[in-house]
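Notes to accompany the following structure.
Residue numbers run from 1 in the order of the sequence given. Computed over heavy atoms, backbone and side chain alike; hydrogens, waters and symmetry mates excluded.
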Amino acid sequence: MAQEKDYVNIKHLKLDQVESWHFKGEGAVNIVLNYCPSSSSSSPLQTLSATVIRVAKTLNPNFIQSKTENKNFSLQPRWMIKNVEDEERQQLVHFIRRHIYSILIPDYFDLGEVVNVDRLFLENLGKFVENQRPTERRITGMDLSKTAVLLQKDQSLIPGFSPNQVFCFELKPKWGYVTSSRLLDPTTAHIKYSFCRNCLISQLRAKAKDTDCCSLDFYSENKELMIKAFESYVLNPRAFFKIFHNGQLCYSSKHTINDFERALSFIIPESHSNSKITFGLNLLVDILLQDGILKQVKQLQMLDTLDIEGIYLIYCAVEKGADENGFYHCNLDNLSEEGKEEAIKLGLNNFTEDQAIKWFEDFLVATAAKDCSLMISLSKINNNNNNEQSPNFESINISKIEFPINSGHYYCYKVSVIDLDPREVERIPIYWKVDQETRLHFLECLKQTNYKITC
């Protein structure tokens, strides 16, 4: 089992060199910055070499408004730990150990360490990286009320390898299955049984599906479908497919297909004369198939057996309150007859607090898995396993692959999971609202005679 990384005296580090931190990416909750001291830096901290910090963001004003309506929700997942030192760190560790390690191998994670910083550092850091952030993200900023950051190893690099030797794909694979829950609104259930959630939500946001692939293809274990899906992402750049070299972003949704080919040149043998894109994507798919990480991510996602519609019924029942015997009761009036039978079989008509918490936990773990990212870092190595440039593979949890088969070309790789942050139970009404909007929008689209979508 993986050990938590040893950061020497990390809590006593003074992070005061704002210019040494550069924007690397961000999600809904955190801004990620990597340590990149300039050559003129007076005292670069070796302890911070190949690290990133995750800085909490202020949340979208619309989210805050919705969230505060339910801020006193009575039942909380068991990873929610309040009023303790390093609250954010403790919740993340508790969440990963209790709910993730049972399915995902611990070696995929770096739990990191919490480092205390001062407000002035965060203010200056926010100003320094503001212009490096995507324009559409600037509605939010760094949360100056949270004077602690999470320090982690930079997963776009491989320990023991020079950064300029390491190439990294970042992939957000999204949903890997179509729901089979019977606890759905009968007027729109057919949509969810026919199309994956990612295709539906993409159609809503773009008002038209802008790729000819589906996220289900990534989980298909069919090499041809997987490559086709990645090719679609290259032709229609998406925010959840990136490439890093030397720890720095060199391909994202803002780049072109020429940039993609140029980025791949770092890992393709000079003797290779065919399509760089074909070579690079075949290598990526072979690694994913050999590693098996997508199977494990899908297992986590499928903890959501009730769908958001079923979970929302439970949420509303808990919000209404328990009866005199401490039992909660869902309103099943809007379900189909089949749905009512399934709900009663599962106990939604009469359940306890502990059962509600278990349902919430499974759903929120699955929700986190549906939005996590994979980092696939790799480097070319010599044929000789004892290559002086290659560290002991087992000691740093990296693997080896020959590609193409029988070619004599070898790569080492390391797969990591990031952005697997615990979700809050208060967000369930927001998830339901988005789900409802998506279903109704898609229902209207299906009424158009020329409307076509495949999934």
Pair D286-K223, salt bridge (charged side-chain N to carboxylate O under 4.0 Å, His left out): steps then yes or no: CA-CA 8 Å; D286 277 12; K223 185 172 180 178; 2.8 Å; yes

S377 (side chain) donor-acceptor with Q155 (main chain) under 3.5 angstrom: yes

Heavy-atom check, side chain of L346 versus side chain of L306, under 4.5 Å: yes

P173 to S215 - nearest heavy-atom pair and separation: O-CB, 3.4 Å

Check: S252 side chain, K242 main-chain N or O, donor-acceptor pair, under 3.5 Å: no

Atom NZ of K127 with >12 non-hydrogen neighbours under 6.0 angstrom: no

4.5 Å side-chain heavy-atom contact, L313 and W432: no

For the student: nearest non-hydrogen atoms of N246 and L157, plus distance: C-CD2, 4.1 Å

Check ion pair D217-K228 (N to O, under 4.0 angstrom): no

Rounded distance (nearest 0.5 Å) linking atom NZ of K380 with atom OH of Y411: 6.0 Å

Pairing residues for F23 by the ring pair (Phe, Tyr, Trp, His ring centres under 6.0 Å) criterion, not counting sequence neighbours: none

Heavy-atom pair of closest approach, residues Y315 and V425: CE1-O, 3.5 Å

Validation row: L281, F260 side chains within 4.5 angstrom (heavy atoms): yes

Closest heavy-atom pair and its distance - D371, K174: OD1-NZ, 2.9 Å

Nearest-0.5 Å distance that lies between atom CG in D421 and atom CG in L364: 13.0 Å

Rounded distance [0.5 Å steps], CZ in R423 versus CZ in F363: 10.5 Å

Any residue meeting side-chain contact (heavy atoms from CB on, under 4.5 Å) with D291, in chain and number order, not counting sequence neighbours: Y108, I293, Y413, V415

For K57, the option from M142, E26, K146 that meets side-chain contact (heavy atoms from CB on, under 4.5 Å): E26

Spacing of M302 atom CE and D362 atom CG [to the nearest 0.5 Å]: 13.0 Å

Pi-cation contact, Y177 with K298 (under 6.0 Å, within 45°): no

Contact check, side chains of I201 and V434, non-hydrogen atoms, under 4.5 Å: yes

side-chain contact (heavy atoms from CB on, under 4.5 Å) partners of S265, counting only residues at least two apart: K276

Any F360 side-chain heavy atom under 4.5 Å of I428 side chain: yes

E136 CD: over 12 foreign heavy atoms closer than 6.0 Å: yes

Test side-chain contact (heavy atoms from CB on, under 4.5 Å) applied to H22 and L249, step by step: CA-CA 11 Å; H22 290 218; L249 183 68; over 6 Å; no

Verdict with supporting geometry, F244 and F167, side-chain contact (heavy atoms from CB on, under 4.5 Å): CA-CA 6 Å; F244 297 86; F167 186 86; over 6 Å; no

D419 side chain near R54 side chain, heavy-atom distance below 4.5 Å: yes

Gap between atom CG of L374 and atom SG of C168 - 0.5 Å precision: 10.0 Å

Candidate pair Q301 and Y219, rule side-chain contact (heavy atoms from CB on, under 4.5 Å), full reasoning: CA-CA 12 Å; Q301 294 181 1; Y219 298 86; 3.1 Å; yes

For C372 against K172, the heavy-atom pair lying closest together: O-CG, 3.3 Å

Under the side chain to side chain donor-acceptor pair (under 3.5 Å) test, residues paired with E170 that sit two or more places apart: none

Plane angle bin for H255 and Y251 - parallel if under 30°, tilted between 30 and 60°, otherwise perpendicular: tilted

N/O donor-acceptor pair under 3.5 Å between S379 side chain and Q165 backbone: yes

Stepwise side-chain hydrogen bond (donor to acceptor under 3.5 Å, both in side chains) check, D185 with T187: CA-CA 6 Å; D185 181 341; T187 64; 2.8 Å; yes

Partner residues of F230 under the ring pair (Phe, Tyr, Trp, His ring centres under 6.0 Å) criterion, sequence neighbours left out: F218, F241

Verdict with supporting geometry, K153 and S416, side-chain hydrogen bond (donor to acceptor under 3.5 Å, both in side chains): CA-CA 11 Å; K153 291 296 183 184; S416 306; over 6 Å; no

Where at least one partner belongs to residues 284-311, residue pairs that pass ring-ring contact (aromatic ring centres under 6.0 Å, His included), sequence neighbours excluded: none

Spatial distance of atom CD (E342) from atom CG (L335) [nearest 0.5 Å]: 10.5 Å

Worked verdict on L125 versus V117 for side-chain contact (heavy atoms from CB on, under 4.5 Å): CA-CA 11 Å; L125 189 62; V117 296; over 6 Å; no

Side-chain (E261) to main-chain (I277) donor-acceptor, under 3.5 angstrom: no

Side chain to side chain donor-acceptor pair (under 3.5 Å), paired with R197, selected from T179, T438, D435: D435

N222, CG: over 12 other non-hydrogen atoms inside 6.0 angstrom: yes

Main-chain N/O of I105 paired with Q296 side-chain donor or acceptor, under 3.5 Å: yes

Any donor-acceptor N/O pair, Q290 side chain to K400 backbone, under 3.5 Å: yes

Non-hydrogen atoms of L289 and E221 that approach each other most closely: CD2-CA, 3.8 Å

Residue pair T51 / D154, side-chain heavy-atom distance below 4.5 Å: no

Close side-chain approach of L378 and I267, heavy atoms under 4.5 Å: yes

Centroid-centroid distance, F279 to F403, less than 6.0 Å: yes

